[in-house]
Amino acid sequence: MGDEHRAAGELAGEAGLLLMELRAHTGTGRDRGDEGDRRSHRFLMERLADRFPADRIRSEEADRSLALDTDSGRVWIVDPLDGTREYSEDRHDWAVHVALAVDAEPRVGAVALPALGLVLGTADPPRPPAPASPPRLVVSRTRPPECVPFVAERLGAVTVPMGSAGAKIAAVIRGEAEVYVHAGGQYEWDSAAPVAVALAGGFHASRLDGSPLRYSQPDPWLPDLVVCHPSFTVAVLAALADWGDAGQPAGSAAPGDPNAG
């Protein structure tokens, strides 16, 4: 899949440059974010359709309610602008996601962090660096999940608020954090690309109960996940299990919640 790995990185990077150019010529606010979503979506859909005409594509900016008939085969999963709010506010913690799921597994992925001038991809995935002590747990800056205080206490971790899901998973991959736990509701496009990169690099990524993350499902709703440095896998999953056993089920935000991340 050499061509697919290269394509994911190239297209995510090019969409990121398009978004940076737009940001340089527009004011802050919702209109900028909406226009960025539209332009990046159109660019990625056209380029993927041209390069891989036989493949299906699932994008955040397409019809969210459109169900896939089967999870087998190849499906590109795209988030043209992950972190629209952060992009609109001139922050750096937003991303572009391009992933390919094959028979429901995230095999190919690239995460562009345009404001940082970086693209992380499965063509050359970063390997886990030495973890920090105390460990750092990245959380949503607007809606951290209810399990975070419990997990942070169990790990002796410090919490680091951050924007988009892609930026948070990228922080783990880049060695800026050790753990990301989410239990507030997401869609496949929020995590497919960064999870593909994390898994390719040797990081742990799963549902909160440790089961595999499956993509290109009929319903794109994917409410929870954990991505962490491999040395914390056992401790994080044990903490989450204990949190559940204590009668604290992983809550899920309502489908369509723009703050889920």
Aromatic rings Tyr187 and Trp189: how do their planes relate, parallel, tilted or perpendicular, breaks at 30° and 60°?
-> parallel

Tell me the ring-ring contact (aromatic ring centres under 6.0 Å, His included) pairs involving residues 71-127, sequence neighbours left out?
-> Phe52-Trp76, Tyr87-Trp94

Is there a path from Leu100 to Ile77 through hydrophobic residues (I, L, V, M, F, W, Y) whose side chains come within less than 4.5 Å of each other?
-> no

Note: Ala239 and Phe150 closest approach over all heavy atoms is O-CE2, 3.2 Å

Steps toward side-chain contact (heavy atoms from CB on, under 4.5 Å) verdict (Val102, Met1) | CA-CA 11 Å; Val102 180; Met1 286 194 177; 3.4 Å; yes

Electrostatic pair Asp34:Arg30 at N-O distance under 4.0 angstrom = yes

Do Cys228 and Tyr180 have side-chain heavy atoms sitting under 4.5 Å apart?
-> no

Would you call Leu18 and Arg39 a side-chain contact if the rule is heavy atoms closer than 4.5 Å?
-> yes

Is a donor on one side and an acceptor on the other found under 3.5 Å between the side chain of Ser164 and the backbone of Gly83?
-> no

What residue pairs, at least two apart or across chains, pass salt bridge (charged side-chain N to carboxylate O under 4.0 Å, His left out) with a residue in residues 110-121?
-> none

Those residues at least two apart in sequence (or on a different chain) that pass side-chain hydrogen bond (donor to acceptor under 3.5 Å, both in side chains) with Arg42 are none

Please list every donor-acceptor pair under 3.5 Å in which a side-chain atom of residues 106-122 meets a protein atom from a residue at least two apart or in another chain.
{"unit_1": "Arg107", "atom_1": "NE", "unit_2": "Glu105", "atom_2": "OE1", "d": "3.2"}
{"unit_1": "Thr122", "atom_1": "OG1", "unit_2": "His5", "atom_2": "ND1", "d": "2.7"}
{"unit_1": "Thr122", "atom_1": "OG1", "unit_2": "Gly109", "atom_2": "N", "d": "3.1"}
{"unit_1": "Thr122", "atom_1": "OG1", "unit_2": "Gly109", "atom_2": "O", "d": "3.2"}

Ion pair Lys168/Asp93, N-O distance below 4.0 Å | no

Pairing of Arg47 and Glu10 as salt bridge, 4.0 angstrom limit = no

Pairing residues for Thr84 by the side-chain hydrogen bond (donor to acceptor under 3.5 Å, both in side chains) criterion, not counting sequence neighbours | Asp37

Would a 4.5 Å heavy-atom cut-off, applied to side chains only, mark Ser59 and Asp79 as touching?
-> no

Just grab all the side chain to side chain donor-acceptor pair (under 3.5 Å) pairs involving residues 198-209, residues at least two apart or on different chains.
-> His204-Ser206, Arg207-Asp224, Asp209-Ser211

Output, in order, the C-alpha distance, side-chain angles, deciding distance and verdict of side-chain contact (heavy atoms from CB on, under 4.5 Å) for Asp90 and Arg23.
-> CA-CA 8 Å; Asp90 274 345; Arg23 192 167 82 160; 3.5 Å; yes

Shortest non-hydrogen contact between Gly201 and Pro128, atoms and distance | O-CD, 3.0 Å

Would you say the side chains of Arg32 and Ser88 form a donor-acceptor pair under 3.5 Å?
-> no

By side chain to side chain contact (heavy atoms under 4.5 Å, CB included), which residues pair with Glu21, not counting sequence neighbours?
-> His25

Taking all non-hydrogen atoms of both residues, which atom of Gly166 and which atom of Pro194 are closest, and how far apart?
-> CA-CG, 4.2 Å

Passing candidate, side chain to side chain contact (heavy atoms under 4.5 Å, CB included) with Val96, options Asp82, Leu81, Leu44 | Leu44

Those residues that, when tested against Arg56, pass side chain to side chain contact (heavy atoms under 4.5 Å, CB included) (two or more places apart) = Leu68, Asp69, Thr70, Val75

Sorted by chain and residue number, the side chain to side chain contact (heavy atoms under 4.5 Å, CB included) partners of Asp71 (sequence neighbours excluded) come out as Ala104, Ser216, Gln217

Between CD1 of Ile57 and CZ of Arg74, what distance do you get to the nearest 0.5 Å?
-> 11.0 Å

Closest non-hydrogen atom pair, Pro80 against Glu61 = CG-CG, 3.9 Å

Test item: Thr26 side-chain N/O and Leu22 main-chain N/O as donor-acceptor pair under 3.5 Å = yes

Closest heavy-atom contact between Ile173 and Pro126?
-> CG2-CG, 3.7 Å

Would you tabulate the side-chain donor-acceptor contacts of residues 152-161 under 3.5 Å, counting partners in other chains and residues two or more places apart, or write 'none'?
{"unit_1": "Arg154", "atom_1": "NH1", "unit_2": "Asp242", "atom_2": "OD2", "d": "2.6"}
{"unit_1": "Arg154", "atom_1": "NH2", "unit_2": "Asp242", "atom_2": "OD2", "d": "3.0"}

Does Val195 reach the side chain of Leu225, with side-chain heavy atoms less than 4.5 Å apart?
-> yes

State, with a plain yes or no, whether a side-chain heavy atom of Leu237 is found less than 4.5 Å away from one of Val226.
-> yes

Ion pair check, Arg51 and Glu14, cut-off under 4.0 Å | no

Val234 with Phe203, same ILVMFWY side-chain cluster at under 4.5 Å | no

For side-chain contact (heavy atoms from CB on, under 4.5 Å), just list the numbers for Leu48 and Asp50, CA-CA rounded to whole Å, side-chain angles, deciding distance to a tenth of an Å, and then say yes or no.
-> CA-CA 5 Å; Leu48 284 169; Asp50 179 64; over 6 Å; no

Any salt bridge (charged side-chain N to carboxylate O under 4.0 Å, His left out) involving residues 116-140? Give me the pairs, sequence neighbours left out, ordered by first then second residue.
-> Arg136-Glu178

Residues in side chain to side chain contact (heavy atoms under 4.5 Å, CB included) contact with Asp103, at least two apart in sequence or another chain = Ser72

Sub-3.5 Å donor-acceptor pair from the side chain of His229 to the main-chain atoms of Pro129, do we have one?
-> yes

Quick one: pull up CZ in Arg214 and CD in Glu188 and give me the separation to the nearest 0.5 Å.
-> 10.5 Å

Do Leu222 and Tyr215 come close enough that some side-chain heavy atom pair is under 4.5 Å?
-> yes

Here the gap from Leu240 atom CG to Leu208 atom CG, rounded to the nearest 0.5 Å, amounts to 5.0 Å

Smallest separation among heavy atoms of Ala177 and Val138, with atom names | CB-CG1, 3.6 Å

